[in-house]
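Protein chains get the first letters and strands the later ones, always in sequence-line order, with residue 1 at the start of each.
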Amino acid sequence: MPKITTSFSNSLIFWYLQNKRDLPWRNEIQPYRIWLSEIILQQTRVAQGLPYYSRFIKAFPTIFDLANATEEQVLKLWQGLGYYSRARNLHITAKEIAFQRDGKFPETYKDLLTLKGVGDYTASAIASICFNEPTAVVDGNVYRVLSRIFGIETAINSGKGIKEFKLLAQELIDRDRPGTFNQAIMEFGARFCVPQNPKCTECIFANQCEALRQRKVNMLPVKIRKQKIKERHFNYLVMISEEEQATLLKQRKDKGIWQNLYEFPLIETASEVSWNEINDSEAFKNFSEVNKIEEVILYNEKPVIHKLSHQHLYTKFWVIKSSAQIEKPVPISELRKYPVPVLIENFISEFSPFQN
DNA sequence: AATACGGGGGG
DNA sequence: CCCCCAGTATT
């Protein structure tokens with residue numbers, strides 16, 4: 001096939017071998033470890049995922065350890081990484097492989113795709129790195145590198161673009177070293193062909209880069225962005241028993257953000273409200289029927305604004321002292337065992353009655 | 001084809 | 001403030 005293909009791959013891999021970072025999942029082909037690293041790294045920077053990878057390997061050295069854990073333990077270890085469906089699916093897939101497949105991972109792209117939480121990218125990564133199957137990965141880095149070098153203006157988040165880039169990557173892949181090629185092109189995007197101000201003059205592909213030739217490096221890749229941010233108003237009811245020994249948590253069971261994580265009892269309102277409006281609400285009426293309320297103090301006058309990529313949460317914490325026994329209390333000493341969103345973790349770590 | 005799903009870091 | 005990050009599942 002095209003000579004350009006071989007040359008591209010050889011140049012890329014040559015660059016990679018000289019410039020790759022020493023990461024714990026490199027030089028490593030145990031499917032369990034590669035799979036774990038790939039799930040952690042979905043939409044996540046290496047620097048952010050690294051400590052999580054170490055903690056997971058330490059807590060769960062094998063897939064059986066992970067499979068035998070509770071979902072709560074897995075979510076707790078995942079706390080702070082975001083996209084918590086990854087953790088839930090990680091646990092589901094660990095159980096599937098440990099108990100239904102005798103601890104053995106599927107060994108082909110096609111079969112890997114059947115695993116929960118494993119999509120096109122992750123199946124390609126595992127198949128190529130662990131099993132030498134020439135299936136090309138296309139992540140954010142690959143979109144950027146290929147769109148620039150080949151001057152492709154098709155939107156990367158359109159159906160057409162997704163197919164076009166996958167096909168191109170598949171043509172370019174080094175069929176003898178697919179895992180190395182895949183990691184090389186991602187590393188090149190992450191370390192050299194970066195989103196802002198890449199050093200094109202020093203680039204090994206400067207001579208062939210279509211975007212550089214046409215002076216449109218900073219225009220690529222093209223991405224159709226839509227992202228309307230929703231504003232929500234959260235009122236957390238932070239219960240404290242009289243002796244300040246216990247509080248109350250609830251698990252979010254609904255679809256939506258933070259599924260299966262814990263938080264304080266929540267009353268969501270259409271806008272920012274004062275205590276009177278909470279007091280008059282149906283939700284609070286139900287709440288106060290089972291929880292004896294003594295005194296209410298607003299912890300933060302100005303709402304805490306917790307920003308997710310698609311929602312802004314305006315949050316007030318209402319501290320409620322309770323004279324009677326709290327229904328299903330959580331001892332303060334055990335508060336930190338529960339997986340909670342960062343918004344809640346931040347409150348717990350700064351609210352003095354919850355210290356030690 | 002669009003949308004939901006976290007949180008952090010860089011310019 | 002904006003964009004992006006070793007994407008996937010659901011609608």
Side-chain angles (χ1 to χ4, degrees), chain A residues 16 20-21 23-26 34-53 75 78-90 92-93 112-126 128-129 136-145 155-163 165-166 169 179 181-191 193-198 218-230 232 252 254-261 305-313 339-346:
Chain A
Y16 174 65
K20 66 175 181 176
R21 290 165 288 185
L23 301 173
W25 49 83
R26 293 256 164 92
I34 296 299
W35 165 69
L36 175 63
S37 72
E38 295 300 347
I39 302 296
I40 286 175
L41 292 174
Q42 287 169 8
Q43 293 290 284
T44 304
R45 291 172 186 281
V46 168
Q48 191 188 1
L50 210 37
Y52 285 84
Y53 178 81
L75 284 172
W78 198 271
Q79 181 179 310
L81 245 199
Y83 286 163
Y84 295 95
S85 66
R86 289 184 294 170
R88 299 192 302 270
N89 286 333
L90 187 81
I92 290 169
T93 292
L112 285 159
L113 267 183
T114 66
L115 301 175
K116 296 281 277 182
V118 174
D120 185 272
Y121 163 79
T122 306
S124 300
I126 299 173
S128 62
I129 295 170
V137 297
V138 184
D139 73 334
N141 294 305
V142 177
Y143 281 124
R144 189 168 54 254
V145 171
I156 63 174
N157 54 346
S158 66
K160 184 161 175 280
I162 291 168
K163 270 182 259 176
F165 282 96
K166 176 77 179 182
F181 175 89
N182 278 339
Q183 296 186 75
I185 192 169
M186 290 190 286
E187 188 81 344
F188 186 71
R191 308 263 294 173
C193 194
V194 292
Q196 307 292 334
N197 308 317
N218 58 350
M219 308 293 292
L220 295 172
V222 173
K223 188 174 187 177
I224 309 161
R225 63 171 169 299
K226 50 245 163 168
Q227 177 105 251
K228 53 177 196 303
I229 292 175
K230 191 195 305 179
R232 303 174 70 178
R252 291 182 72 96
D254 295 345
K255 298 277 187 192
I257 58 170
W258 305 332
Q259 189 180 12
N260 290 6
L261 272 65
I305 306 175
H306 187 74
K307 294 179 178 180
L308 309 183
S309 49
H310 50 294
Q311 304 182 18
H312 287 183
L313 309 177
V340 297
V342 166
L343 173 62
I344 300 299
E345 177 64 32
N346 288 345

Separation between the C1' atoms of C/dA9 and B/dG8, rounded to whole Å: 23 Å

A/D120 side-chain proximity, nearest of C/dT8, C/dA6, B/dG8: C/dT8

Selection from C/dT8, B/dG7, C/dA6 that lies nearest to any side-chain heavy atom of A/W258: B/dG7

Candidate nucleotides C/dG7, C/dA6, B/dG7, ranked by approach to the side chain of A/H306 - the nearest: B/dG7

base_contact_polar (C/dG7 base, A/Y121 side chain, donor-acceptor, <3.5 Å): no

Side-chain N,O (A/K307) to OP1/OP2 (C/dC1) below 4.0 Å: yes

Under 3.5 Å donor-acceptor pair, A/R45 side-chain atoms to C/dC4 base atoms: yes

Phosphate OP1/OP2 of B/dG7: any A/Y84 side-chain N/O under 4.0 Å: yes

Sugar-phosphate, base or nothing in reach of A/G189, heavy atoms under 4.0 Å: nothing

Same-atom distance (C1') from B/dG11 to C/dA6, integer angstrom: 22 Å

Contact nearer the 5' end of DNA chain C, comparing A/T44 with A/G117: A/T44

Under-4.0 Å side-chain N/O to phosphate OP1/OP2 contact, A/H310 with B/dT3: no

Sugar-phosphate, base or nothing in reach of A/S37, heavy atoms under 4.0 Å: nothing

Touch class at under 4.0 angstrom, heavy-atom based, for A/R225 against every strand present: sugar-phosphate

Closest heavy-atom pair and its distance - A/I34, A/W25: CD1-O, 3.5 Å

Phosphate OP1/OP2 of B/dC5: any A/Q311 side-chain N/O under 4.0 Å: yes

Sugar-phosphate, base or nothing in reach of A/V118, heavy atoms under 4.0 Å: sugar-phosphate

A/K230 or A/V342, whichever maps to the more 5' nucleotide of DNA chain B: A/K230

Other residues, nucleotides, ligands: >12 heavy atoms within 6.0 Å of A/R21 CZ: yes

A/Q43 side chain near C/dG7 phosphate (N/O to OP1/OP2, under 4.0 Å): yes

Most 5' of A/K228 and A/P341 on DNA chain B, judged by nearest nucleotide: A/K228

Below 4.0 Å: OP1/OP2 of B/dA4 and any side-chain N or O of A/S309: no

Under 4.0 angstrom between A/R144 side-chain N/O and C/dC5 OP1 or OP2: yes

Out of C/dT8, C/dA6, C/dC1, whichever nucleotide has its closest atom nearest the side chain of A/D139: C/dA6

Touch class at under 4.0 angstrom, heavy-atom based, for A/W78 against every strand present: nothing

Sugar-phosphate only, base, or nothing, as touched by A/L81 at under 4.0 Å among non-hydrogen atoms: base

Listed nucleotide nearest any side-chain atom of A/I257, set B/dG8, B/dG6, C/dG7: B/dG6

Closest listed nucleotide, where the reference is the side chain of A/Q48 and the choices are C/dC4, B/dG7, C/dT8: B/dG7

CD-CD distance between A/Q43 and A/Q48, expressed to the nearest 0.5 angstrom: 11.0 Å

Among B/dG7, C/dA9, C/dA6, the one nearest A/Q183 by side-chain distance: C/dA6

Rounded C1' spacing from B/dG9 to C/dT8 in Å: 23 Å

Sugar-phosphate, base or nothing in reach of A/G49, heavy atoms under 4.0 Å: nothing

A/Q259 and A/R88: CA distance, side-chain angles, deciding distance, side-chain hydrogen bond (donor to acceptor under 3.5 Å, both in side chains) verdict: CA-CA 9 Å; A/Q259 189 180 12; A/R88 299 192 302 270; 3.1 Å; yes

